[in-house]
There are 2 protein chains.
Amino acid sequence: MALEHAILVSLLEKPGSGYELARRFERSIGRFWTATHQQIYRVLKRMETDGWVTAVDVGQDGRPDKREFTVSPAGQDVLTGWLHEPVQPEAVRHDLAVKVRGAAFDSAAGRAALVDEVSRYRAEHEDLLTRYLAGEKRDFPDISTLSTGERLQHVVLRGGIAYERMLLDWLDEVLIELRKEP
Amino acid sequence: MALEHAILVSLLEKPGSGYELARRFERSIGRFWTATHQQIYRVLKRMETDGWVTAVDVGQDGRPDKREFTVSPAGQDVLTGWLHEPVQPEAVRHDLAVKVRGAAFDSAAGRAALVDEVSRYRAEHEDLLTRYLAGEKRDFPDISTLSTGERLQHVVLRGGIAYERMLLDWLDEVLIELRKEP
DNA sequence: TCATCCTATGCAACGAGTTGCATAGCAAGC
DNA sequence: GCTTGCTATGCAACTCGTTGCATAGGATGA
């Protein structure tokens, strides 16, 4: 388990509230680690009692107050300890691949419906790729002037881009197969 | 949730026991849906009481008896119903990407250790790719003579192969970044 | 013969993830 | 004035996933 660690990394990059973290998980971090706001609030509470993070109340005008979290030295130690542990094999839950194999046991009409659904899914990921590329242009306009942290964030984004490109190519293959008459 | 559906697909492709299913999840299906034997036995039990699958005891010589499961018509209906639902966005839990961004907050020695760990991880996935390619050669030697089901299984395997190739290329980029002096 | 490994099934406990709901302040538009 | 929507935090209940353990027959080899 490592939602804690993903939160520590995110807070080290920039301190923030539970709500802000949830936003970051929706956007950039969610590429490689998903979490809902409930999970995040629950884990943050535990991390605070364990002394991994500290919170300060921040008043905002035009908005409700928030509790901004910062990583403590103890939290830093926890993170570096985890960094030195072996990398866990990634957990995969890929709905679509199951459905593609399942399509063999569906009617011709059902397979046609799946073609539509895969096309929709493909369009979604084409959008996502466009957004990643726009984000890359916006956040990393000049690669030669990046700090270490920025270079590492950039290479992770490049991973997301490579994944989406691979996925789109594969979905094209899938569509070809699904459209073939049995 | 859809472990049920992955099991239905696997049993439709070939009836089998809980143990055999666990083996398949370790090997081919685990590429896109992971499950342990405990999960599988628990879900199989529920599926049996719900009438989605039926079991027969099969005596084997030289081995303990097993309970072989087959998909019932009701189970077929459940599967096709699910096939026509929208594809869920895939859940990602990618440890390594978190660590790469976390490396910005580690010492130079810690980053060096991460380089070793990423190299080990890369070697594992190189092995995996080799096994996928061997499996492709073994199971799909002649693409022109495949049935619908086999063609769909093949395109899913091609997805696994494409993923591993993408991953290896990305890991090379990651190693280059991690090796740069800060 | 004894230890070890593989097939085969399963329970129990705990931790993680999901879903639905609740509250509350403020902003914007009808 | 009212609804809608966004920021911000949180509880409760439930399901799913993980880990450790237990049992039991047969195969293999030291």
Side-chain angles (χ1 to χ4, degrees), chain A residues 1-7 10-11 15-27 29-30 32-50 53 55-69 82 85-86 88-95 98, chain B residues 1-7 11 15-27 29-30 32-50 53 55-69 82 85 88-95 98:
Chain A
M1 210 282 99
L3 177 53
E4 284 86 343
H5 306 119
I7 289 177
S10 190
L11 288 180
S17 68
Y19 189 84
E20 283 164 354
L21 280 170
R23 282 322 189 70
R24 294 184 210 168
F25 274 84
E26 266 177 29
R27 299 187 210 290
I29 308 175
F32 48 85
W33 205 279
T34 55
T36 62
H37 81 272
Q38 289 87 345
Q39 282 178 67
I40 290 167
Y41 281 121
R42 184 163 51 183
V43 170
L44 272 176
K45 181 171 284 179
R46 190 170 57 224
M47 291 168 77
E48 198 187 358
T49 57
D50 291 348
V53 294
V56 284
D57 287 312
V58 177
Q60 305 180 106
D61 43 58
R63 287 180 181 185
D65 293 359
K66 64 174 182 179
R67 301 191 68 218
E68 194 169 78
F69 291 90
W82 173 71
E85 283 173 22
Q88 294 298 115
E90 66 268 32
V92 181
R93 292 284 123 117
H94 207 134
D95 223 1
V98 183
Chain B
M1 207 286 98
L3 177 53
E4 285 85 344
H5 305 120
I7 288 176
L11 287 180
S17 68
Y19 189 84
E20 282 163 357
L21 280 170
R23 282 324 190 69
R24 294 185 211 169
F25 273 84
E26 266 176 31
R27 301 188 210 289
I29 308 173
F32 48 84
W33 206 277
T34 54
T36 61
H37 81 271
Q38 288 88 346
Q39 283 178 68
I40 291 168
Y41 281 120
R42 184 162 54 181
V43 171
L44 271 176
K45 182 170 286 180
R46 190 170 58 224
M47 291 169 78
E48 197 186 359
T49 57
D50 291 348
V53 294
V56 284
D57 287 310
V58 177
Q60 306 180 105
D61 43 56
R63 287 179 181 187
D65 292 358
K66 63 175 184 179
R67 300 191 69 220
E68 194 170 79
F69 291 90
W82 173 71
E85 284 173 23
Q88 294 298 116
E90 66 269 33
V92 181
R93 291 285 121 120
H94 206 134
D95 220 6
V98 183

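Protein chains get the first letters and strands the later ones, always in sequence-line order, with residue 1 at the start of each.
In plain terms, the two heavy atoms of A:S10 and A:I29 that are nearest each other are OG-CD1, 3.2 Å. Across all their heavy atoms, B:F25 and B:A6 have their closest contact at CZ-CB, 3.8 Å.
End-to-end axis angle for the helix from C:dT1-D:dA30 to C:dC30-D:dG1, using five pairs per end and rounding to 10°, comes out at 20°.
Between atom CG of residue A:D50 and atom CE of residue A:M47 there is a gap of 9.0 Å, rounded to the nearest 0.5 Å. Here B:W33 contributes atom CH2 and A:D95 contributes atom CG; the two are 5.5 Å apart, rounded to the nearest 0.5 Å. We find the NZ-CG distance between A:K66 and A:D57 to be 11.5 Å, quoted to the nearest 0.5 Å. Here the CD-CD1 distance, from A:Q39 to A:I7, works out to 8.5 Å after rounding to the nearest 0.5 Å.
The distance between atom CG of B:L21 and atom C1' of C:dT7, rounded to the nearest whole Å, is 14 Å. Residue A:I40 contributes atom CD1, which lies 15 Å from atom P of D:dC11 at whole-angstrom precision. Atom-to-atom, CG of B:L44 to C1' of C:dA8 comes out at 13 Å; the value is rounded to the nearest Å. Atoms CD (A:E4) and P (C:dG17) sit 8 Å apart, rounded to a whole Å. For the pair B:I7 CD1 and D:dG17 P, the interatomic distance rounds to 10 Å; values are reported in whole Å. Between the C1' atom of C:dG10 and the CZ atom of B:F69 lies a distance of 12 Å, rounded to the nearest Å. Here the C1' atom of nucleotide D:dA8 and the NZ atom of A:K66 are 10 Å apart, to the nearest Å. Taking atom NE2 of residue A:H37 and atom C1' of nucleotide D:dA8, one finds them 9 Å apart after rounding to whole Å.
At the phosphate of D:dT7, OP1 or OP2 sits under 4.0 Å from a side-chain N or O atom of A:Y19. Between B:K45 and the phosphate of C:dC11, there is a side-chain N or O to OP1/OP2 separation shorter than 4.0 Å. OP1 or OP2 of D:dT9 has at least one side-chain nitrogen or oxygen of A:Y41 nearer than 4.0 Å. Here B:Q39 reaches the OP1 or OP2 of D:dT18: one of its side-chain N or O atoms lies under 4.0 Å away. Between B:S17 and C:dT9 there is a side-chain polar atom (N or O) within less than 4.0 angstrom of OP1 or OP2. For the pair A:R23 and D:dA8, the criterion of a side-chain N or O lying under 4.0 Å from OP1 or OP2 is not met.
Taking the side chain as every heavy atom from C-beta outward, B:R93 and A:Q88 never approach each other to under 4.5 Å. With contacts defined as side-chain heavy-atom distances shorter than 4.5 Å, the pair B:Y19/B:R23 qualifies. Using a 4.5 Å heavy-atom threshold, the side chains of B:L21 and B:L44 count as touching.
Closest to the side chain of B:R46, from the set C:dG10, C:dT18, D:dC16, is D:dC16.
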Check nucleotides 12-14 of chain D for protein N or O atoms closer than 3.5 Å to its own N or O atoms and list the pairs.
none

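A distance-only check finds no donor-acceptor pair linking the side chain of B:E85 to the backbone of B:W82 [under 3.5 Å].
The residue among B:R93 and B:G18 whose nearest nucleotide of DNA chain C lies closer to the 5′ end is B:G18. Along DNA chain C, the nucleotide closest to B:A91 and the one closest to B:D65 are compared, and the more 5′ of them pairs with B:D65.
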